[in-house]
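One structure is given below, encoded as structure tokens.
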Amino acid sequence: MRVEVQLLLWALCVGLGATGAPEEEEETRKVSLELNPGSSNSTENLLHIRAVGNGSTIHYVWSTIGAPTVLLIYTDSEHTQLKVNWTKLLSPEPHGAIRVEPANRVRYSTALLFTRIFEYKDINNTANFTGTDRKLFYPPYELSGFTWGSARDSMNSSSLTARLSGVNSTDPNFNNGSVSFQVSAYKGSGRDRSSPQLLHNANCTKMEFVLSGVKPRGNNSRFALEMVTLEKKAGRKKMKSVRSIDDEYTPTIFEVMELVPDTPNTSHALGYFQWKSVAYGTAEGGRANALPCKMYRPRSLNETLRIPSIVYAFYGEDLADGYNIEAYNVSFGIADGDFYDKHGFLGWSALIGYGTPPRDSFSVLVMCIMAVALGAPLVLLIVGSIVVVVMRRKTVTPSYEPVN
Ligand SMILES: *[C@@H]1O[C@H](CO)[C@@H](O)[C@H](O)[C@H]1NC(C)=O
Ligand SMILES: *[C@@H]1O[C@H](CO)[C@@H](O)[C@H](O)[C@H]1NC(C)=O
Ligand SMILES: *[C@@H]1O[C@H](CO)[C@@H](O)[C@H](O)[C@H]1NC(C)=O
Ligand SMILES: *[C@@H]1O[C@H](CO)[C@@H](O)[C@H](O)[C@H]1NC(C)=O
């Protein structure tokens, strides 16, 4: 009996799986990539991703002029244009060199800067980044001082991907290695095929931070990355942890982290940064090479940011007074886990997007496991109760018959 019920549920599940789970309304955008708009310059990188549709345009501007930075600019028109004054951008006073026109259609903007990479010696293999003795830290790698190759060769307009790759050109530890940001944009919703198989939609882009082939400066090296983000005053970003019990796509990792604006009373959507709490020790990813990652409390940087970045070119003088600027660290690795030198690779993916962050709903597989686990006993219980009631009726009924 029980086996039959289970078989029935499985058959139902397989059917459901084959037809696919009900999809949310599909939003698509026309997405284009352009490198260095309005310039023939090939020694700098300013990658413009334009995503148009649904009455709006989302502009993503990635650049390695200064610290690697991405700007997200949301406009409520399909016809807004990015304007870059290159003379100004490459001058010591870049304020106003990057604009979106018409400016009154800009509804929201934010930025994310990647500032430093920390390396420390984890002698006892505890992966305790904050508690680590200061003298076990090597001098940090300042990304604004790196030499970045042209993104042109890696740009692919059909897969909507590009790579910004840089080295610390004076440091022999980078002879065979590099730091890179692999950027992907999307026309519609879906799920990445590579680990950690993040869900995406047309309103977001993905970056994968990769530290590959860099020679560690000692044994037991672990790394951490520092990022800076900003939000208009009155708001600041808050960190949110979204737990998921569904780990079909990212085995053993149950946590999705989000950095979202904590701005009450806004009538429109805002930007977000979302990732799963995992990095990978090989390019292939996979469970065996998962390196859990940890995010630390933000530090306010309101005494103006001093790191060179395209944020000045876009926000200009407003930056100091109008915005809350905060820095965050994220460290990679877990106690008793593998060190960087095992594969000489570290890859961490995150989404940068506008609107509602993608959420994992229960997959068909997990729903079926639950249905079979919970459903079968339930069905048995119900069937059992009916049988018992019917049987009792049968046995009870004779007593109502007149004795005589
Ligand atoms: C670009 O910036 C330079 C330097 O600030 C300025 O002289 C020039 O007029 C600007 N060009 C345009 C087209 O606005
Ligand atoms: C770079 O790789 C080559 C060949 O694999 C090796 O001979 C060389 O020692 C490496 N250099 C560094 C700095 O790791
Ligand atoms: C690093 O580890 C290797 C191999 O275990 C060892 O030979 C070497 O002495 C270590 N180096 C340092 C600086 O501890
Ligand atoms: C990140 O960690 C490093 C090393 O502990 C520290 O110097 C730096 O101030 C931290 N940054 C933030 C934003 O907390």
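When a ligand or atom number is given, it counts from 1 through the structure's own listing order. Everything quoted here is computed from the prediction, not taken from an experiment. Worth knowing before you read on, the calculation uses all heavy atoms, side chains too, and leaves out hydrogens, waters and symmetry mates.
The residue Tyr296 has no part lying near ligand 4, judged by heavy-atom distances below 4.0 Å.
Atom numbering of ligand 4 starts at 1 in the shown order; those under 4.0 Å from a heavy atom of Phe129 are 2 (O), 4 (C), 5 (O). Numbered from 1 in the order shown, with element, the atoms of ligand 4 that lie under 4.0 Å from a heavy atom of Asn329 read 1 (C), 2 (O), 3 (C), 8 (C), 10 (C), 11 (N), 12 (C), 14 (O). Within ligand 4, counting atoms from 1 as listed, the ones closer than 4.0 Å to a heavy atom of Glu226 are 8 (C), 10 (C), 11 (N), 12 (C), 13 (C). In the vicinity of Ala327, heavy-atom distances shorter than 4.0 Å reach the ligand 4 atoms 13 (C).
The aromatic rings of Phe273 and Trp348 lie perpendicular to each other, with more than 60° between the two planes, well past the 30° mark. Below 30°, between 30° and 60°, or above 60°: for Phe114 and Phe181 the angle between ring planes is between 30° and 60°, a tilted geometry. Taking the six-membered ring where tryptophan is involved, the planes of Tyr186 and His200 are essentially parallel, since the angle between them stays under 30° and well short of 60°.
Backbone and side-chain nitrogen or oxygen atoms of Tyr328 are examined, and none is located within less than 3.5 angstrom of a nitrogen or oxygen of ligand 4. The shortest N/O to N/O separation between Arg134 and ligand 4 falls below 3.5 Å.
Using 4.0 Å as the threshold, Tyr120 has no heavy atom nearer than that to any atom of ligand 4. Residue contacts with ligand 4 include Phe118, since one or more of its heavy atoms lies under 4.0 Å from the ligand.
Distance remark: protein heavy atom not present below 4.0 angstrom from atom 13 (C) of ligand 1. Atom 2 (O) of ligand 1 is approached by the protein to below 4.0 angstrom, counting heavy atoms only. Proximity of atom 9 (O) of ligand 1 to the protein is not indicated, since no non-hydrogen protein atom lies closer than 4.0 angstrom.
You'll find the side chain of Phe209 reaches within 4.5 Å of the side chain of Val179, heavy atoms only. Counting only heavy atoms from C-beta outward, the side chains of Phe345 and Ser212 approach each other to under 4.5 Å. Considering only heavy atoms from C-beta on, Asn173 comes within 4.5 Å of Arg217 through its side chain. Two residues are said to be in side-chain contact when any heavy atoms from C-beta on lie closer than 4.5 Å; Val183 and Tyr60 fail this criterion.
Here the shortest heavy-atom distance to atom 11 (N) of ligand 1, taken over Leu89, Leu90, Asn85, belongs to Asn85.
Between the side chains of Ser56 and Arg105, no donor-acceptor pair is found at a separation under 3.5 Å.
At the shortest separation from atom 5 (O) of ligand 1 among protein heavy atoms lies Lys88 CE, 3.4 Å.
Ring centroids of Phe137 and Phe129 are separated by less than 6.0 Å, placing the two rings close together.
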